[in-house]
Amino acid sequence: MSSDLSDLYQEVVLEHSKRPRNYRVVEGHNREAAGHNPLCGDQLSVTIKVEGDVIRDIGFQGQGCAISKASASLMTGAVKDKTRAEAEALFERVHKLVTEGPEGVDIEALGKLAVLSGVSEFPARVKCASLAWHTLRAALEGRGEAVSTE
Amino acid sequence: MSGFDVQKVRADFPILRQEVRGRPLVYLDSAATSQKPQAVIDAIVRFYQHDNANVHRGVHVLSERATEAYEGARETVRRFINARDSKEIIFVRGTTEAINLVAQTYGRKHIGPGDEVLITHIEHHANIVPWRMLCEQTGAVLKVIPVDDRGELKLDAVDALLTERTRILAVTHVSNALGTVNPVKELTRRAHAKGIPVLVDGAQAVTHFPVDVQDLGCDFYAFSGHKMFGPTGIGVLYGRLERLEPLPPYQGGGDMILSVTMEKVTYNRVPHRFEAGTPDLAGAVGLAAAIRYLEDLGMAAVAAHDQELLAYATNALESVPGLRLVGTAREKSAVLSFMLDDIHPHDVGTILDREGICIRTGHHCAQPVMQHFKVPATSRASLALYNTQEDVDALVRGLHKVLEVFK
């Protein structure tokens, strides 16, 4: 495998895409949103239980490529028990990572999400990596309409 | 293969001589857009270098030459699809515009509340959305011919769907997502038996086999230049003269009028009535060059190459573990849509791209087809006259790499 390809499909990414975490509808959720990538037809939904300002539980469901599933799976792990502002800050970091690459990004603060760094070498795949995050943001903002990567 | 030298054909396409991602380019996305032979590129360059001027207006030599080239291109198109009269050839931007033109002229004139527009389940969006829009504008109803699991139309259902309220049947000649070749001659016969006109979307057909609009008997036939080795931004609507002549104009301005006062406009005759504004002159010239290129090769030889390569590719792909072809119609053109295990087509596309192999992944602007087969997307390799068995072999090797990554 070429090196940029193995950066994209790192072991952790493949593992999360095969066994996505929190692949479920959150019981008693009070926030939800649907996301859609019209380019490929991928769709996912995110359900969240928010208490006060804190994301107590989060799940996702849907269909997508390895990158979008891994990104969604890693996201659910990363934002659980975080405040809205912390989740938002994480989204900003992830977005910078997948669009511009690891330089200038606080990799430590990203934790496992750092495995998405390979995406920046594949501009056509940025939308796959960010779909779940846009959907999370829509859910937190309480927007009823489905979000789209377009 | 007799009479068809694919290596010689490849040499006519300069873009194929390059390496991408450090490997020889393998281009398997011609259903999205085809590559252009040097003859087409040269024709466009020559037009701009020697003949460029606006058409039908100027009294000077360049305008005469440009008019001759543009109207000559119309005649070339007429010959290519065997229309009776070059007035039946309207230059448009592409298939999509051609279908919109018919929906918004024929459709607006003849279709009202409760009337029915009949399409098929395997149309791409360009032959769904203009009709959906028309139905919303007029209160007409969109009806759909169903498809079976091979991707063939359920012909048993057609006669019942052609009702006394059906005002038009709009059907693709070849499905871009599945490769299915529809029996449009038979469908036209059945529709005409009930007095219903037929539009055929030929975007994926004209590049693969000979098309004769008189033999098909259809009323309208739409196709694009860029899928048939010509430039982008130019396409053709063929319409039988008796269908076109009573139609109102589509867009206003430029050459589509005979005279204008502030009180009254007199519209030009067909085809000019439907060619508002300055047309894509160089595009028409390039399209004519593409047609001459195809005619020199011979469409029968092109079709034979297509079928031979399709058979080879079908066999080769079926040998890949976990691969499932989507669309296995008995009459098929050289399009191979497939799923590979449960690996998402976007992942397949990215890994093949790193091997220098260009395929299409996604819903191919044909989401209802994807819904029928219960897949969000497919990987699609589409073949053209410049593809070889080696290209197919490279694809198979690439797919094995995909399986390795995801094992």
Side-chain angles (χ1 to χ4, degrees), chain A residues 1-20 23 34-45 60-73 98 115-132 146 148-150, chain B residues 19-23 29 32 124-126 128-129 176-177 322 326 337 339-380 397-407:
Chain A
M1 208 184 335
S2 63
S3 66
D4 52 357
L5 206 51
S6 51
D7 285 348
L8 181 67
Y9 293 110
Q10 291 188 44
E11 208 54 41
V12 178
V13 170
L14 291 172
E15 209 274 321
H16 272 264
S17 78
K18 279 176 199 153
R19 289 197 313 114
Y23 192 85
H36 176 221
N37 182 349
L39 278 180
C40 53
D42 286 354
Q43 287 179 322
L44 64 81
S45 63
F60 85 100
Q61 284 188 313
Q63 53 193 8
C65 62
I67 306 305
S68 82
K69 267 200 272 185
S71 179
S73 171
V98 297
V115 298
L116 295 172
S117 65
V119 175
S120 64
E121 292 297 319
F122 295 78
R125 305 305 297 276
V126 168
K127 284 175 181 167
C128 311
S130 48
L131 178 61
S148 165
T149 53
E150 288 308 289
Chain B
E19 291 198 338
V20 294
R21 317 278 190 210
R23 291 162 201 273
D29 195 17
H124 70 145
H125 297 168
I128 302 173
V129 182
N176 73 320
V326 178
S337 240
M339 303 298 291
L340 186 60
D341 274 348
D342 55 355
I343 304 167
H344 193 283
H346 266 189
D347 297 312
V348 174
T350 289
I351 294 167
L352 290 179
D353 171 61
R354 261 27 199 189
E355 300 293 316
I357 303 166
C358 305
I359 64 159
R360 183 64 166 265
T361 59
H363 52 58
H364 319 299
C365 296
Q367 284 181 312
V369 185
M370 301 295 120
Q371 287 149 13
H372 173 81
F373 285 98
K374 298 187 175 58
V375 292
T378 68
S379 302
R380 180 187 73 185
R397 281 196 303 277
L399 292 173
H400 280 283
K401 291 215 167 153
V402 176
L403 288 170
E404 236 171 76
V405 172
F406 281 87
K407 72 173 178 271

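Computation of the quantities below employed the complete heavy-atom set of this structure, encompassing side-chain atoms and omitting hydrogens, waters and symmetry-equivalent molecules. So you know, we letter chains A, B, ... as the sequences are listed, proteins then strands, and number each from 1.
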- With a 4.5 Å heavy-atom cut-off, do Asp353(B) and Phe122(A) have their side chains touching? no

- Task: Apply the side-chain contact (heavy atoms from CB on, under 4.5 Å) test between His344(B) and each candidate in Ser68(A), Cys128(A), Cys65(A), Ser17(A); give the one that qualifies.
- Result: Cys65(A)

- Message: For the interface with chain A, which of Gly362(B), Pro376(B), Gly22(B) has the highest count of heavy-atom pairs at distances below 4.5 Å?
- Response: Pro376(B)

- Query: By a 4.5 Å heavy-atom criterion (distance strictly below it), what part of Lys69(A) contacts chain B: side chain, backbone, both, or neither?
  - Reply: neither

- Portion of Leu8(A) that has a non-hydrogen atom of chain B nearer than 4.5 angstrom: side chain

- Query: What pair of heavy atoms forms the shortest contact from Arg354(B) to Glu121(A), and how long is it?
  - Reply: NH2-O, 3.5 Å

- Query: What part of Ile343(B) gets closer than 4.5 Å to chain A, counting heavy atoms only: side chain, backbone, both or neither?
  - Reply: neither

- Query: Is it the case that His346(B) and Asp42(A) place a side-chain donor and acceptor less than 3.5 Å from each other?
  - Reply: no

- Is atom CD of Glu11(A) surrounded by more than 12 heavy atoms (other residues, nucleotides or ligands) closer than 6.0 Å? no

- Message: Between Arg125(A) and Asp347(B), is the side chain to side chain contact (heavy atoms under 4.5 Å, CB included) condition met? List the steps.
- Response: CA-CA 9 Å; Arg125(A) 305 305 297 276; Asp347(B) 297 312; 2.8 Å; yes

